[in-house]
Amino acid sequence: MLNPINTDAMIRDGGAHGRFPDEIHEAVGWWLGACLVTTLKAHRIAVAHDGRGTSLLVHQRLCRGAINAQHYACTVLTLRVADEGTLLRAMTELGDVPGARVSTTGPEGEETLSIVLYGPDGKPLDEDTGLAGIRHLIATDRIPIPVNETVKGRIEHYPHPVEQERGTKR
């Protein structure tokens, strides 16, 4: 692992949380995306972020990790900027799929990054629903990688209901 993190301290409370980029960095997004897909055996997930620059960067990495997770050919439906409630509604609309939301708080240079991972039930993952397994994969440098190009997933934009009414895109 090129840039390890303290997995016991950072991967907790439903996802990964820490100061960016000291405790947690953008590669963690890739790792969590790939591990979420393989741990939950997901072929489709929904993802969103809060619109801040760091969140967007990590969100993009998470999406790329998810589409490159072994043989799952996962379709990542990105809502782009969306709050937690909107993401949870989209996860339900999509048939109770897992999801992830990236958010950042604090001033630039002193940001705290949070990547919350959700199970198909819309609840943040806990030790028994996948978080412990994800932590173990990352701690032991066993992040899933693609088997080959033919099983690579894809990223699609998921329209918000408001966008459909207005006929606009974010």
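- Counting heavy atoms from C-beta outward, L113 and V58 have side chains that approach closer than 4.5 Å.
- In this structure, CG in D96 is found 11.0 Å from CG in L88, a value given to the nearest 0.5 Å.
- Inter-residue side-chain proximity for F20 and E110 is flagged as unmet; no heavy-atom pair is nearer than 4.5 Å.
- A pairwise comparison of heavy atoms in G99 and L36 identifies O-CD2, 3.8 Å as the closest pair.
- Two residues are said to be in side-chain contact when any heavy atoms from C-beta on lie closer than 4.5 Å; T38 and L137 meet this criterion.
- One finds the CD atom of E26 at 5.0 Å from the CG atom of L57 (value rounded to the nearest 0.5 Å).
- With sequence neighbours excluded, the residues satisfying side chain to side chain contact (heavy atoms under 4.5 Å, CB included) with H25 are N3, I5, A27, V28, W31.
- The environment of NE2 in H43 is crowded: more than 12 heavy-atom neighbours from other residues, nucleotides or ligands sit within 6.0 Å.
- No side-chain donor-acceptor contact under 3.5 Å links R101 to the backbone of A48.
- There is a side-chain donor-acceptor pair under 3.5 Å between R80 and H157.
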Run the side-chain hydrogen bond (donor to acceptor under 3.5 Å, both in side chains) test on T92 and R89 for me, step by step, so that the C-alpha distance in whole Å, both residues' side-chain angles and the decisive distance to 0.1 Å come before the verdict.
CA-CA 5 Å; T92 300; R89 281 189 299 281; over 6 Å; no
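- Checked options L87, I115, V102; the residue passing with H49 is V102 (criterion: side chain to side chain contact (heavy atoms under 4.5 Å, CB included)).
- One side chain, R154 or T75, offers a donor N or O that lies under 3.5 Å from an acceptor on the other.
- In this structure, the side chain of T39 engages the main chain of C35 through a donor-acceptor pair within 3.5 Å.
- Defined by atom type and a distance below 3.5 Å, a donor-acceptor pair is present between the side-chain atoms of T104 and S55.
- A salt bridge links E111 to R52: one of the charged nitrogens lies within less than 4.0 Å of a carboxylate oxygen.
- Linking Ile, Leu, Val, Met, Phe, Trp and Tyr residues whenever their side-chain heavy atoms come within less than 4.5 Å leaves L56 and W30 in two separate clusters.
- Tested against L77 for a side chain to side chain contact (heavy atoms under 4.5 Å, CB included), the candidates V97, V47, L94 yield a single pass: L94.
- A pairwise comparison of heavy atoms in A100 and L62 identifies CB-CD1, 3.9 Å as the closest pair.
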Dump the intermediate steps for side-chain hydrogen bond (donor to acceptor under 3.5 Å, both in side chains) on H59 and T78, then the final yes or no.
CA-CA 9 Å; H59 168 270; T78 176; 2.9 Å; yes
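- In this structure, P144 and Q70 have side chains that are in contact, with non-hydrogen atoms separated by less than 4.5 Å.
- Of all heavy-atom pairs between I143 and A34, the closest is CG2-CB, 4.2 Å.
- The closest side-chain heavy-atom distance from L32 to I138 is below 4.5 Å.
- Of all heavy-atom pairs spanning C63 and I155, the tightest one is CB-CD1, 3.6 Å.
- Looking at heavy atoms from C-beta onward, T129 lies out of side-chain contact with L40 at the 4.5 angstrom threshold.
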Test log, rule side-chain contact (heavy atoms from CB on, under 4.5 Å), inputs T112 and H17:
CA-CA 7 Å; T112 298; H17 313 274; 5.5 Å; no
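- In plain terms, the two heavy atoms of G130 and L125 that are nearest each other are C-CD1, 4.4 Å.
- Closest non-hydrogen pair, I45 versus A66, comes out as CD1-CB, 3.7 Å.
- Within a 6.0 Å radius of CD in E127, more than 12 heavy atoms belonging to other residues, nucleotides or ligands are found.
- Looking at heavy atoms from C-beta onward, V116 lies in side-chain contact with Y118 at the 4.5 angstrom threshold.
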